[in-house]
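Predicted, not measured: the structure shown is a model, and the values here were computed from it. Below, all heavy atoms of this structure are taken into account, side chains as well, without hydrogens, waters or symmetry copies.
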Amino acid sequence: VDQTVLFIFFLTAMLAGWFGGRRAAMTLFGIALVFSVADFFHHATSALTLSF
Amino acid sequence: MTARAAILLNALSLYAVALVLLLALFFQLAWYELPCPLCLLQRVAFVALAVGPILNIRYGPRPSHYALSVLAALVGIMVSVRQVMLHILPGDKGYGSPIMGLHYYTWAALFFVLAIALIALVMLFDRQFADDPSPPPAYAKIAVWLVILITAANAASTLLECGFAVCPEDPVRYLFLLGG
């Protein structure tokens, strides 16, 4: 669900930007980007299952 | 470069992002290759890459809009290079099927680096920032709505795949359809 939320965040940023909320779009973008990096660190440290 | 020319390039970049995301969805559905969390994060970074061009098309080119795309591309590089490193050992077949010899995450890393280089090139032309913004042309509006629709499709697809839980590292079925 974490990536679903991220998609929805960026989708909202796009819609906000397109319908006149430039500042809101940039704020949403910033929040979503920080969450994206946090989610990356969560998954980047997952145990690696070697595929061979 | 005039603002009008910059809008054309921004619209083309949106079509490129749309193509990448559509190809990813196509491989997911046609080959039943479900994206892993890092793969999904790369798609998220592609979606994030599109926010800058949308703002450029709507409000006219501004350095701050290009900066958003550079930040998104940096996140994309971080995620895709991490996945390349996970599968770099000799004998590792990688995650998913290769496309023209390279896996999706390798293509993604190259694409994000290319995006930063192209943004730097476009930003060299100052005149685009001085021109008064004009209403977006039809081809640019279509590009914007195409990316918005594909982003919504990705949100729905990810919900189907992961349900309301954290996505498994090696997904093999759509958890939402199983009641997850």
Side-chain angles (χ1 to χ4, degrees), chain A, chain B residues 35-41 43-45 47-52 54-55 57-59 62 64-65 67-68 71-72 74-76 78-79 82-83 86-87 89-95 136 141 144-145 147-148 151-167 169-170 176:
Chain A
V1 75
D2 37 347
Q3 287 89 14
T4 309
V5 171
L6 291 173
F7 278 123
I8 292 170
F9 255 112
F10 283 114
L11 180 66
T12 313
M14 288 174 182
L15 290 170
W18 189 249
F19 288 110
R22 180 177 174 273
R23 186 179 288 269
M26 295 188 78
T27 306
L28 278 166
F29 177 93
I31 294 169
L33 204 70
V34 169
F35 282 155
S36 301
V37 173
D39 196 40
F40 165 68
F41 283 122
H42 172 75
H43 289 290
T45 52
S46 301
L48 166 63
T49 309
L50 293 174
S51 58
F52 62 96
Chain B
C36 60
L38 288 179
C39 314
L40 286 171
L41 276 171
R43 291 191 195 183
V44 167
V47 164
L49 201 57
V51 176
I54 289 175
L55 295 179
I57 288 168
R58 175 69 173 76
Y59 301 97
R62 296 189 198 181
S64 56
H65 300 161
L68 298 185
L71 289 171
L74 287 173
V75 171
M78 192 166 66
V79 180
R82 165 68 181 169
Q83 199 170 6
L86 284 175
H87 299 290
L89 286 175
D92 191 314
K93 292 192 175 86
Y95 187 88
K141 287 182 185 172
V144 168
W145 282 104
V147 167
I148 286 174
T151 303
N154 268 286
S157 148
T158 309
L159 181 64
L160 284 177
E161 181 188 334
C162 308
F164 293 104
V166 175
C167 269
E169 297 302 320
D170 192 7
F176 190 82

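To the nearest 0.5 Å, atom CZ of residue B/F164 and atom CG of residue A/D2 are 13.0 Å apart. Rounding to the nearest 0.5 Å places CG of B/L41 at 6.0 Å from NE2 of A/H43. Interatomic distance, OG1 of B/T151 versus CZ of A/F10, reported as 10.0 Å (0.5 Å rounding). Note that CG of B/L159 and CD1 of A/I8 are 7.5 Å apart. Values are rounded to the nearest 0.5 Å. Here the straight-line distance linking atom NE2 of B/H65 with atom CZ of A/R22 works out to 3.5 Å at 0.5 Å rounding.
Between B/G163 and A/V1, the shortest heavy-atom contact is O-CB, 3.8 Å. Across every non-hydrogen atom of B/S64 and A/M26, the tightest pair is CB-CE, 3.9 Å. B/L55 and A/A25 make their closest contact through CD2-CB, 4.1 Å (heavy atoms, listed as atom of the first residue, atom of the second, distance). Among all heavy-atom pairs drawn from B/Y59 and A/G21, the shortest one is OH-N, 3.4 Å.
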Can you check side-chain contact (heavy atoms from CB on, under 4.5 Å) on A/Q3 and B/N154, steps first, answer last?
-> CA-CA 9 Å; A/Q3 287 89 14; B/N154 268 286; over 6 Å; no
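For B/V144, the side-chain contact (heavy atoms from CB on, under 4.5 Å) criterion is met by A/W18, B/L14, B/I54, B/I57, B/I148, not counting sequence neighbours.
If you tally non-hydrogen atom pairs under 4.5 Å between each of B/L40, B/V44, B/V51 and chain A, the highest count goes to B/V44. Of the listed residues B/L38, B/V147, B/V75, B/V79, the one with more heavy-atom pairs under 4.5 angstrom with chain A than any other is B/V79.
In this structure, no portion of B/S157 lies under 4.5 Å from any heavy atom of chain A. In this structure, chain A has no heavy atom under 4.5 Å from any part of B/A45. Heavy atoms closer than 4.5 Å to chain B are found in both the backbone and the side chain of A/F40.
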